[in-house]
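Just the heavy atoms: all of them, side chains too, but no hydrogens, waters or symmetry mates, feed the values below. Naming convention: chains lettered A, B, ... in sequence-line order (proteins, then strands); numbering from 1 in each chain.
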Amino acid sequence: MGTKTPKSPPSAPPLTKDAAEAQPSQNGNGRRLDTIPTTYDPQAVEQRIYQWWEENSYFKPRENPADPNRPAFTISMPPPNVTGALHMGHAITDTVEDILIRYHRMLGDPTLWVPGEDHAGIAMQAVVEKQLNKEGLDRHTLGREAFIERVWQWVAQYKHRIQDQQRRLGVSCDWSRERFTLDGGLSRAVREVFVRLYEEGLMYRGERIINWCPHDLSAISDLEVETEDTPGQLAYIRYPLEEPTTDRQYIMVATTRPETMLGDTAVAVNPNDDRYRELIGRSLILPIMNRRIPIIADEAVDASFGTGAVKVTPAHDPVDFEIGVRHNLERIQVVGFDARMTDEAGQFAGQDRYEARKNVLAELERQGALDHQEEYTIPLGHCERCKTVIEPLISMQWWVKTAPLATPALNAVRYGQTQIIPARFTKTYTDWMENIRDWNISRQLWWGHRIPAWYCADCGEITVAREDPTACAHCGSARIEQDPDVLDTWFSSALWPFSTLGWPDDTPDLRRFYPTSVLETGYDIIFFWVARMMMMGTHFTGVVPFQYVYLHGMVRDKLGRKESKSLGNGTDPVQVIDELGADALRFTLATSSTPGNDTKYDPQRVVGNRNFANKIWNASRFVIGQTEGIGGIPTLAALQPRSLADRWIVSRFIRLTGEVTRLLDEFQFGEAGRQVYDFFWSEYCDWYLEIAKSQLRDEAQRERTAHILRTLLDGALRLLHPFMPFVTEEVWQHLYADIPADARPASALIVASWPIAEAATTAKLRDAAAEDDFALLQEIITRIRDARKQAGVEAGRRIQVILAAGAKAPMLKKQSTLIEQLARTEPPTIERKLAAKPAQAMPLVAGSVEIYLPLAGLLDIAKEIARLDSEIAVAQQAIARSRVKLDNPNFVERAKAEVVQKERETLSAIEDTLARLETQRRELGG
RNA sequence: GGGUGGUUAGCUCAGUCGGCAGAGCGCGUCGUUCACACCGACGAGGUCACUGGUUCAAGUCCAGUACCACCCACCA
């Protein structure tokens, strides 16, 4: 296998303590097994191994001397919030990314995984404010600077918590390149981007209706609003005409927010609505306020909905705001930023918005203007963070003009420069991009990147600059003041793939590792993050920021609910790791779902995978113990499989390696993991290891068998390493403990080579015949075991067995000791054809092989007849099905030749089986 | 209103070129043997949600229905 050593010599491999101290015995009978614990203890291994990896700089990218121009493999880690603790969402993210990283590292790619954290604007500020409240303080008494200082203290304190948790999971990222969205370098990138967007006219300041969170006291973007259908009332209100006629005294409008009617400045109807056409241009008297408001015509009104007339409140509704712009309507703000009514609300001033709603309705009722109310489901916007009902308000904010940025980002995906996996999310992405709306990036907070815009008190102009200005760029006045707001936390996240590599400077890292290879994250942040990185990346670097976007699903609880603090249904990954080990958790997360699909977290599965880690441990313990003294771990190509079992297992491993490699390249982690699991447990352990026991006892086979055991263990550890890094590394170090350091293919499994290159050059070891023959042998053994059980043969008793094996007789004769051993029989009698059928024998059929178990005394003839009859029936059905196909000329003509051929073979095999069953049946009489 | 995903064994889920349905857990029975009881052996258990279509052949492709999730959307 490939040879690679780290630049600096690694420290001593971290063997399990007892084992490291144990001396290999001189007689070559193996390491004293009693010195290695019989149960794998992740707690004793994981943290020590992780530290060892880190000390030896294995997580840093390493150039491949043989291939200096080899493309790098890079992932930018989605930066978790510093406020947060690790949850299952992080755990699946970290696991999938670490699998990719470890796989590519083993492939020999220069591999970089950039970690970091997000400053998490609102979330972080809220945490610290809450803390201040406990101390009887608030941020305003502290002041801006002191408050920010305070937040930095928290950051320093909590940053390491999440990192330590990630270490527990085994993430092999390059901590020396760790970044924080608010650190110096990244802030410079943010500033650069802001200024350039402003200079390019892609950034503007403007008054719009924004989503205001009255709890967090900030604007939030559309994406941060969660709409939820809420039961409520729709109030129908009559607005009297200023000059009523006999047939029309009023126009009726409907609203779900009656308190906003105090700010109405018009009523709008569709220009083509015959019912109202004549009223357009006339005036209404707004009830309560007694304000004269016009009836206007606007296309935005749907004549077929409700009364066809809409009250227009430009200050409190986005649609109304647009109508107001078109018709030059006054904007009267009646609800304030604290969700209380303003002075404009007259008698309701100072009331909470919901209190005012009640009171307005009562007043309308009193005045006879309230026609009626009906039950109505209202799509209500809530702040995604604090769940407060959003109040649409007018505010002056900074906006990014997104359409020009979206086009290249859209095309990049359309034309495949960036590929989204699974592909169905491409539509989600493109639909959003095609209908993108401008992005409100200012937040009325203190914690974050302060907006680099200064307003001049003299000329009123705005100065936007890379360096803090001392004077207005327009008039030179020194009376300038910086915008108090900060940027949306996603603004800096949008720059993550390149800002972390040193942009805007042209750094070696940026050249070597950008664009990145895979962006891996949950599908829930396609818009928040992925789309925005695509826009910023393509715009500022001229290339797509990543080649692939791989999206994983959400981890849900057993009932399929999203994890949430209020439900208390979250599982702490660190606790699971403490209990069952990181490998078990990782393997579970990697194999519990398919790409892009949600997964229900089932603790039972983690237990099962903990058991798998233990299985690896014990099988390895056995192999190492049994083969020590034989020494050496040959390459795959140097193996000399001889016995059927040898040829079978080697062939299977080579095929497995190809499959697993293909699956990982296709991002099919679950299937890849399951395949190695099945190979290791069901084939390597359950069959080959058992057979190897006897081969090892045979001096003639001992060395060859030991080599196969060791080489395939090595290979399986390599294939498993990306999934279960800890147990595999620990075992691998044990496996190589008796090999001098300079004779090892690598100093550690984490930097050992992926076995694919070797598997590719060992085609000669692919052995389909061995796989077929071994399958037959397995079937024979299983049939005998089953029959013993059915007949109630004691477990320890050896029974006789006679096989009529036809063409397979010579092959099976060579395997007779395996049958003896694994099916617990006397040395079997194996003939091509039997001269006479054994009397008083239980008859069985495995493929084309007849099996007879002379079990005089234990035989229940009636039961055997019933069993044979049922097997005959099954065979006949199968034959009938097969004949229907083969008798169908369409099938024979149209199906692929190989399928037809296979069907013919199947038919003849079943017919063969049937014939044997029928013979056996006749012999039993009845 | 538009879109996406799911529906396969008691439970949780695989099934990637259409070619006779798989795993883990759970369940039942048995455990001679010097890796592992966090184990081994054997077994039971399925109308692949429903309807129609394409095809020689459908869990798999197409259309529709039902139910369950989720995403997007300025109908007052």
Side-chain angles (χ1 to χ4, degrees), chain A residues 33 36 38-40 209 227 234 253-257 268 300-302 304-313 317-322 376 379 392 422 424-425 427-428 431-432 435 523-524 526-527 553-554 556 558 560 562 580 584 591-594 596-602 604-605 607-626 662-663 666 668 670-671 674 677-678 682 685-686 689-690 693 782 785-790 792 794-798 821-822 824 878 881-882 884-885 888-896 898-900 902-903 906:
Chain A
L33 282 183
I36 303 179
T38 58
T39 304
Y40 174 62
I209 292 278
T227 311
L234 185 61
V253 297
T255 179
T256 57
R257 295 187 293 157
V301 180
D302 179 356
S304 65
F305 185 83
T307 64
V310 182
K311 63 190 270 308
V312 180
T313 324
D317 183 277
V319 179
D320 293 5
F321 179 87
E322 296 299 327
Y376 194 75
R424 66 184 138 90
F425 287 110
K427 187 171 163 50
T428 310
D431 284 355
W432 188 76
N435 300 297
Y523 64 74
D524 56 333
I526 294 175
F527 309 137
M554 304 293 110
R556 296 174 181 280
K558 237 187 154 169
K562 229 173 163 171
L580 300 165
T591 57
S592 293
S593 71
T594 36
N597 287 345
D598 292 353
T599 174
K600 286 181 195 153
Y601 172 75
D602 178 1
Q604 271 303 320
R605 281 183 89 128
V607 172
N609 290 324
R610 184 271 317 261
N611 296 350
F612 181 47
N614 192 237
K615 189 75 183 179
I616 296 169
W617 179 254
N618 274 295
S620 305
R621 220 161 56 85
F622 176 77
V623 168
I624 293 165
Q626 290 299 306
R662 180 183 64 84
L663 289 165
E666 291 172 7
Q668 306 249 13
E671 193 55 28
R674 279 186 291 273
Y677 177 102
D678 287 342
S682 308
C685 289
D686 288 346
L689 220 50
E690 293 306 317
K693 284 175 184 173
T782 302
R785 284 168 169 171
D786 182 21
R788 291 175 62 108
K789 184 117 187 180
Q790 299 301 327
E794 312 89 89
R797 185 171 144 195
R798 289 191 181 277
Q821 198 186 310
L822 298 173
R824 195 84 188 153
R881 266 202 311 273
S882 190
V884 166
K885 280 190 189 174
N888 180 345
N890 285 326
F891 173 71
V892 179
E893 281 163 30
R894 298 189 196 179
K896 278 175 285 185
E898 64 204 57
V899 173
V900 177
K902 202 175 151 200
E903 192 62 41
T906 306

Enquirer: Just checking A:D686: base, sugar-phosphate only, or nothing, at a heavy-atom cut-off of under 4.0 Å?
Expert: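 Here A:D686 touches the backbone only, sparing every base.
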
Enquirer: For B:rC20, what is the paired nucleotide under Watson-Crick or G-U wobble rules, both distances under 3.5 Å?
Expert: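 Its partner: none found.
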
Enquirer: If pairing requires Watson-Crick or G-U wobble contacts with both distances under 3.5 Å, which nucleotide is the partner of B:rC25?
Expert: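 B:rC25 is paired with B:rG10.
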
Enquirer: Return the minimal non-hydrogen interatomic distance between A:A795 and A:R824, and the atom names on each side.
Expert: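 Smallest interatomic distance, heavy atoms only, reads O-CG, 3.8 Å.
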
Enquirer: Would you say B:rC13 has OP1 or OP2 under 4.0 Å from some side-chain N or O of A:S592?
Expert: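 Checking A:S592 against B:rC13: no side-chain N or O falls below 4.0 Å of OP1 or OP2.
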
Enquirer: Which nucleotide, if any, forms a Watson-Crick or G-U wobble pair with B:rC39, using both distances under 3.5 Å?
Expert: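 Its partner is B:rG31 (Watson-Crick or G-U wobble, both distances under 3.5 Å).
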
Enquirer: Starting the side chain at C-beta, find the nucleotide from B:rA76, B:rA14, B:rA35 nearest to A:F305.
Expert: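 Looking only at heavy atoms from C-beta outward on A:F305, the closest nucleotide is B:rA76.
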
Enquirer: Given that both distances must come in under 3.5 Å, which nucleotide forms a Watson-Crick or G-U wobble pair with B:rA76?
Expert: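 Across all strands, not a single nucleotide pairs with B:rA76.
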
Enquirer: For B:rC48, which nucleotide in any strand shown is its Watson-Crick or wobble partner with both distances under 3.5 Å?
Expert: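 Checking every strand shown, B:rC48 finds no partner, since no pair has both distances under 3.5 Å.
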
Enquirer: Nearest to the side chain of A:F622, which nucleotide is it out of B:rA35, B:rC75, B:rG19?
Expert: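 Looking only at side-chain atoms, A:F622 lies closest to B:rA35.
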
Enquirer: For a quick check, tell me whether the side chain of A:Q604 and the base of B:rU12 share a donor-acceptor pair closer than 3.5 Å.
Expert: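 Per atom types, no contact qualifies.
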
Enquirer: At 4.0 Å (heavy atoms only), tell me whether A:E690 reaches a base, stays on the sugar-phosphate, or touches nothing.
Expert: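 Base contact - A:E690 has a heavy atom under 4.0 Å of at least one base atom.
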
Enquirer: Between A:Y677 and A:T591, is there a side-chain heavy-atom distance shorter than 4.5 Å?
Expert: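 Heavy-atom side-chain distance check fails, nothing below 4.5 Å.
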
Enquirer: Quick one: which of B:rA76, B:rA35, B:rC38 gets closest to the side chain of A:C685?
Expert: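 It is B:rA35.
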
Enquirer: Can you tell me which nucleotide in B:rG15, B:rA76, B:rU16 comes closest to the side chain of A:Q668?
Expert: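 Given the options B:rG15, B:rA76, B:rU16, the side chain of A:Q668 is closest to B:rU16.
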
Enquirer: Consider the side chain of A:N614, meaning its heavy atoms from C-beta on, and name the nucleotide among B:rC38, B:rG19, B:rC70 that approaches it most closely.
Expert: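 The answer is B:rC38.
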
Enquirer: Mind checking if A:L689 touches a base, just sugar-phosphate, or nothing, with heavy atoms under 4.0 Å?
Expert: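 Base contact.
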
Enquirer: Check this one for me: any side-chain N or O of A:K427 less than 4.0 Å away from OP1 or OP2 of B:rU4?
Expert: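 Negative; the distance criterion is not met.
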
Enquirer: Side chain of A:A795, heavy atoms from C-beta onward: which of B:rA76, B:rU32, B:rA35 has the nearest atom to it?
Expert: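 That would be B:rU32.
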
Enquirer: Has A:T782 got a side-chain N or O lying under 4.0 Å from the OP1 or OP2 atom of B:rC42?
Expert: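 Affirmative; the distance criterion is met.
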
Enquirer: Do A:D317 and A:I209 have side chains that approach each other closer than 4.5 Å (heavy atoms only, starting at C-beta)?
Expert: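 No, every pair of side-chain atoms sits at 4.5 Å or beyond.
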
Enquirer: What pair of heavy atoms forms the shortest contact from A:P392 to A:R257, and how long is it?
Expert: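 Closest pair (atom of A:P392, atom of A:R257, distance): CD-NH1, 3.3 Å.
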
Enquirer: Atom CZ of A:R605 and atom C1' of B:rC11: how far apart are they, to the nearest Å?
Expert: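 One finds 11 Å between C1' of B:rC11 and CZ of A:R605, rounded.
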
Enquirer: Determine the interatomic distance between C1' on B:rA21 and the same-named atom on B:rG64; round to the nearest Å.
Expert: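 Result for the C1' pair: 26 Å, nearest Å.
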
Enquirer: If I pick the P atom on B:rG43 and the same atom on B:rG22, what distance separates them, to the nearest angstrom?
Expert: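 To the nearest whole Å, 13 Å.
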
Enquirer: How far does the P atom of B:rC34 sit from the matching atom of B:rG40, given to the nearest Å?
Expert: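 The answer is 16 Å between these two P atoms.
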
Enquirer: So, under a plain 3.5 Å distance rule, would you say the side chain of A:R424 forms a donor-acceptor pair with the base of B:rU4?
Expert: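 Per atom types, no contact qualifies.
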
Enquirer: Looking at B:rU12, I'd like to know if its phosphate oxygens (OP1 or OP2) sit under 4.0 Å from a side-chain N or O belonging to A:Y601.
Expert: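 Answer is no, no contact under 4.0 Å.
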
Enquirer: Between A:K600 and A:K558, which heavy-atom pair has the shortest distance, and what is it?
Expert: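 What the structure gives for the nearest pair is CD-O, 3.5 Å.
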
Enquirer: How is A:N597 classified with respect to the nucleic acid when contacts are heavy atoms under 4.0 Å: base, sugar-phosphate, or nothing?
Expert: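 The residue A:N597 makes sugar-phosphate contact but no base contact.
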
Enquirer: How close or far is atom C1' of B:rA73 from atom CG of A:D431, stated in whole angstroms?
Expert: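 In whole Å, B:rA73 C1' lies 12 Å from A:D431 CG.
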
Enquirer: Rounded to the nearest Å, what distance is computed from the CD atom of residue A:E322 to the P atom of nucleotide B:rA76?
Expert: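 Rounded to the whole Å, the gap is 17 Å.
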
Enquirer: Using the P atom on both, measure B:rA57 against B:rG5 and round to a whole Å.
Expert: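 To the nearest whole Å, 27 Å.
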
Enquirer: Would you mind classifying the nucleic acid contact of A:P889 as base, sugar-phosphate or nothing, using non-hydrogen atoms under 4.0 angstrom?
Expert: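 Touches nothing.
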
Enquirer: What nucleic acid atoms does A:R881 come within less than 4.0 Å of, heavy atoms only: base, sugar-phosphate, or nothing?
Expert: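 Counting heavy atoms under 4.0 Å across all strands, the contact made by A:R881 includes a base.
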
Enquirer: Assign each of A:K885 and A:F612 to its nearest nucleotide of RNA chain B by heavy atoms, then name whichever residue's nucleotide is nearer the 5' end.
Expert: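 Counting from the 5' end, the first nearest nucleotide belongs to A:K885.
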
Enquirer: Within the structure provided, determine whether A:E671 and A:T594 are in side-chain contact (heavy-atom separation under 4.5 Å).
Expert: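 Heavy-atom side-chain distance check fails, nothing below 4.5 Å.
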
Enquirer: Classify the side chain of A:E903 and the base of B:rA57 as holding, or not holding, a donor-acceptor pair under 3.5 Å.
Expert: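 It does not, because no donor-acceptor pair links the side chain of A:E903 to the base of B:rA57 below 3.5 Å.
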
Enquirer: Give the minimum heavy-atom separation between A:E690 and A:Q821, together with the two atoms involved.
Expert: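 Taking A:E690 first and A:Q821 second, the nearest heavy atoms are O-NE2, 3.4 Å.
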
Enquirer: Determine the contact category for A:R674: base if any of its heavy atoms lies under 4.0 Å from a base atom, sugar-phosphate if only primed atoms, P, OP1 or OP2 are that close, otherwise nothing.
Expert: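 Touches sugar-phosphate only.
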
Enquirer: If I take atom CG in residue A:L822 and atom C1' in nucleotide B:rG40, what distance separates them, rounded to the nearest angstrom?
Expert: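 In whole Å, B:rG40 C1' lies 12 Å from A:L822 CG.
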
Enquirer: Please give the nucleotide sitting opposite B:rC70 as a Watson-Crick or G-U wobble pair, both distances under 3.5 Å, or none.
Expert: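 Partner of B:rC70: B:rG3.
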
Enquirer: Measure distances between side-chain N and O atoms of A:R785 and base N and O atoms of B:rC42, and say whether any donor-acceptor pair falls under 3.5 Å.
Expert: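 In this structure, the two groups form no donor-acceptor pair.
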
Enquirer: Check this one for me: any side-chain N or O of A:N435 less than 4.0 Å away from OP1 or OP2 of B:rA73?
Expert: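 For B:rA73, OP1/OP2 do not have a side-chain N/O of A:N435 under 4.0 Å.
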
Enquirer: Does A:K600 put a side-chain nitrogen or oxygen below 4.0 Å from OP1 or OP2 of B:rC11?
Expert: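 So the side-chain polar atoms of A:K600 never come under 4.0 Å of the phosphate oxygens OP1 or OP2 of B:rC11.
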
Enquirer: Remember a base hit wins even if backbone is also touched, and classify A:Y40 as base, sugar-phosphate or nothing at under 4.0 Å, heavy atoms.
Expert: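 Since no nucleic acid heavy atom lies under 4.0 Å of A:Y40, the category is nothing.
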
Enquirer: To the nearest 0.5 Å, how far apart are CD in A:E893 and CG in A:N888?
Expert: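 Going from CD on A:E893 over to CG on A:N888, the span is 9.0 Å.
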
Enquirer: Expressed as a whole number of angstroms, how long is the span from A:L234:CG to B:rC75:P?
Expert: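 Value for this atom pair: 14 Å.
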
Enquirer: Using a heavy-atom cut-off of under 4.0 Å over every strand shown, decide if A:E671 touches base, sugar-phosphate, or nothing.
Expert: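 If one applies the 4.0 Å heavy-atom cut-off, A:E671 turns out to touch a base.
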
Enquirer: Looking only at side-chain atoms of A:R662, point me to the closest of B:rU16, B:rC38, B:rC42.
Expert: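 Of all the options, the side chain of A:R662 is nearest to B:rU16.
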
Enquirer: Looking for any heavy atom pair under 4.0 Å, which part of the strands does A:T255 touch: base, sugar-phosphate only, or nothing?
Expert: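 The answer is sugar-phosphate, as A:T255 gets under 4.0 Å only of primed atoms, P, OP1 or OP2.
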
Enquirer: Relative to the ring of A:W432, is the ring of A:F527 parallel (under 30°), tilted (30 to 60°) or perpendicular (over 60°)?
Expert: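 Correct class here is parallel.
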
Enquirer: For B:rC67 versus B:rC50, give the span between their C1' atoms, rounded off to a whole number of Å.
Expert: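 Taking atom C1' in both B:rC67 and B:rC50, they lie 11 Å apart.
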
Enquirer: Remember a base hit wins even if backbone is also touched, and classify A:T906 as base, sugar-phosphate or nothing at under 4.0 Å, heavy atoms.
Expert: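 Answer is base: heavy atoms of A:T906 come under 4.0 Å of a base.
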
Enquirer: What nucleotide among B:rU16, B:rA76, B:rC38 has an atom nearest to a side-chain atom of A:V301?
Expert: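 Of B:rU16, B:rA76, B:rC38, B:rA76 is nearest to the side chain of A:V301.
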
Enquirer: Counting side-chain heavy atoms from CB outward, which of B:rU16, B:rG19, B:rA76 is closest to A:F891?
Expert: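 The answer is B:rG19, which lies nearest to the side chain.
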
Enquirer: What interatomic distance, in whole Å, is found between C1' of B:rA44 and the corresponding atom of B:rG26?
Expert: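 Pairwise C1' distance, B:rG26 against B:rA44, rounds to 13 Å.
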
Enquirer: Between A:D678 and A:G670, which residue's closest nucleotide on RNA chain B lies nearer the 5′ terminus?
Expert: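 By nearest-heavy-atom nucleotide position, the 5'-most residue is A:G670.
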
Enquirer: Should the pair A:Y40 and A:W617 be assigned to parallel (<30°), tilted (30 to 60°) or perpendicular (>60°) ring geometry?
Expert: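 Ring orientation of A:Y40 relative to A:W617: tilted.
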
Enquirer: Kindly point out which of B:rC38, B:rC70, B:rA35 is positioned nearest to the side chain of A:R621?
Expert: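 Per side-chain heavy atoms of A:R621, the pick is B:rA35.
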
